[in-house]
Amino acid sequence: MIPIKEPSHKRVFSLIRAQRKASGAMLAKQTMMQPSSLVYILNSLKDKGLICVSGHGDSTARGGKRPVLWEVNSNYGNILGLEVMRHGIRAVLVNLAGEIILKAEKDFTPDKPEKIVARIVQIIDEMIGESGISRNKLLYISLAVPGIVDPYSQKIVYSYGLKLKNFDLKTRITEAFDIPAGIINDANAGVIGDQWFTSGSLANSNSLYIAYNPLAGGIGLGIIINKKLYTGSNGLAGEFSLRITALKDIIEEKLKTADPARTSIPNPDKPGSIQLSDLYTYANNQCELSKAVLTQVCQLLAKEISKLIGLFDPDKISIGGDLSICEQMCCSEIHKHLKTILQNDYPFEMTMPKIDYVRSKVFAVAIGATALYLTNLSN
């Protein structure tokens with residue numbers, strides 16, 4: 001993991017990285033540290049090559065010397081993240097500052113464990129080759145997988161989607177490349193990625209990441225409590241039996257009452273071939289069927305989210321997975337229905353959590369997986 005042991009040093013580094021650029025004065029205010037202590041920490045991080053001076057900020061209204069701005073050293077090294085799914089692998093290479101160098105979608109079909117490992121190794125090799133980076137600049141390889149991951153050993157306890165049980169994928173990848181590796185549940189990767197890669201996200205003490213699986217109707221859940229990832233004792237946290245209707249079934253139901261003259265989406269007679277991205281595109285083109293289906297998905301999600309609010313009372317809810325393609329269209333719809341539910345459930349005024357889509361969209365989990373390299377910074 002990243003070579004920072006002292007909690008105060010970790011805190012300063014994490015603040016610089018989250019804000020992209022920060023002055024000593026900003027950091028002193030945020031950490032409540034003495035100037036001498038902060039200067040020592042900044043110099044220590046600089047000596048390790050983790051941060052560098054990026055320029056100078058503006059002077060105050062009173063004038064005076066322009067403040068030095070610090071940023072993460074993007075040349076320190078790179079992190080490779082992969083989201084391993086039942087129908088493919090999304091891979092992304094980022095530098096230490098969180099800037100994307102390369103992202104790609106690769107073919108993948110679950111098979112016997114040895115073939116799964118071989119295919120993942122092949123994809124990692126391809127990403128290294130396509131990026132043109134030197135292998136010795138690769139700091140870490142992180143993989144996000146569906147299923148239960150032991151939070152301590154990072155072994156895959158059970159993954160229905162990948163057909164794996166008690167499997168040590170972490171060791172296999174580490175040995176294949178002689179590079180440290182880590183394994184994390186996909187929804188947990190989504191939530192820590194949102195915490196690390198969304199501007200200003202450090203202000204959210206309690207947040208949830210929610211992803212809807214259109215094929216099965218399952219809902220993935222990642223949980224941040226007091227700014228830290230919560231996995232529970234056995235990695236089971238978030239493994240609720242949350243489920244809504246599969247997308248295909250919602251489309252079939254809405255087709256029964258849809259006006260063909262106001263339905264522009266192609267192949268409505270083949271609902272299994274219609275993706276959320278198709279619905280979003282055609283809803284923007286005034287397709288009534290697409291609008292009705294997306295509205296129904298959002299209504300069903302709002303009902304499930306209302307239960308989670310009663311349990312976690314989060315500051316923020318991030319919508320990830322394929323539904324993030326729909327951007328604010330679905331966030332606004334979810335917010336509208338959720339507000340009505342909460343007003344009926346709670347007979348007092350309450351603050352609604354912020355509902356937003358993850359900006360990295362379908363690559364959110366792969367990008368979030370790279371934050372596994374950084375999560376020790378919040379300890």
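For this chain, numbers begin at 1 and follow the sequence in order. Being a predicted model, the structure only gives us computed values, none of them experimental.
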Taking only residues at least two apart or on different chains, which pairs with a member in residues 89-125 satisfy ring-ring contact (aromatic ring centres under 6.0 Å, His included)? none
Between K106 and E83, does at least one N-O distance fall below 4.0 Å, as a salt bridge requires? no
Partner set under side chain to side chain contact (heavy atoms under 4.5 Å, CB included) for V68, not counting sequence neighbours: V53, H56, W70
Partners meeting side chain to side chain donor-acceptor pair (under 3.5 Å) with S153 (sequence neighbours left out): D150
Would you please say whether a donor-acceptor pair under 3.5 Å links the side chains of Q328 and D356? yes
The salt bridge (charged side-chain N to carboxylate O under 4.0 Å, His left out) partners of K256 (sequence neighbours excluded) come to E253
Of all residues at least two apart in sequence or in a different chain, which pass the ring-ring contact (aromatic ring centres under 6.0 Å, His included) check with F167? none
All side chain to side chain donor-acceptor pair (under 3.5 Å) counterparts of Q34, not counting sequence neighbours: none
Applying side chain to side chain donor-acceptor pair (under 3.5 Å), can you list everything that pairs with E175, at least two apart in sequence or on another chain? none
Hey, is CG on D107 packed in by over 12 heavy atoms from elsewhere, all under 6.0 Å? no
Return each pair, listed once, that meets ring-ring contact (aromatic ring centres under 6.0 Å, His included) where at least one residue sits in residues 209-237; pairs must be two or more places apart or across chains. none
With K48 via salt bridge (charged side-chain N to carboxylate O under 4.0 Å, His left out) - residues at least two apart: none
Under the rule for side chain to side chain contact (heavy atoms under 4.5 Å, CB included), what residues qualify as partners of S23, not counting sequence neighbours? A25, M26, P67, L69
Between CD1 on residue I79 and CG on residue L138, distance to nearest 0.5 Å: 9.0 Å
Here the ring-ring contact (aromatic ring centres under 6.0 Å, His included) pairs for residues 247-286, sequence neighbours left out, are none
Just jot down the side chain to side chain donor-acceptor pair (under 3.5 Å) partners of K155, sequence neighbours excluded, or say none. none
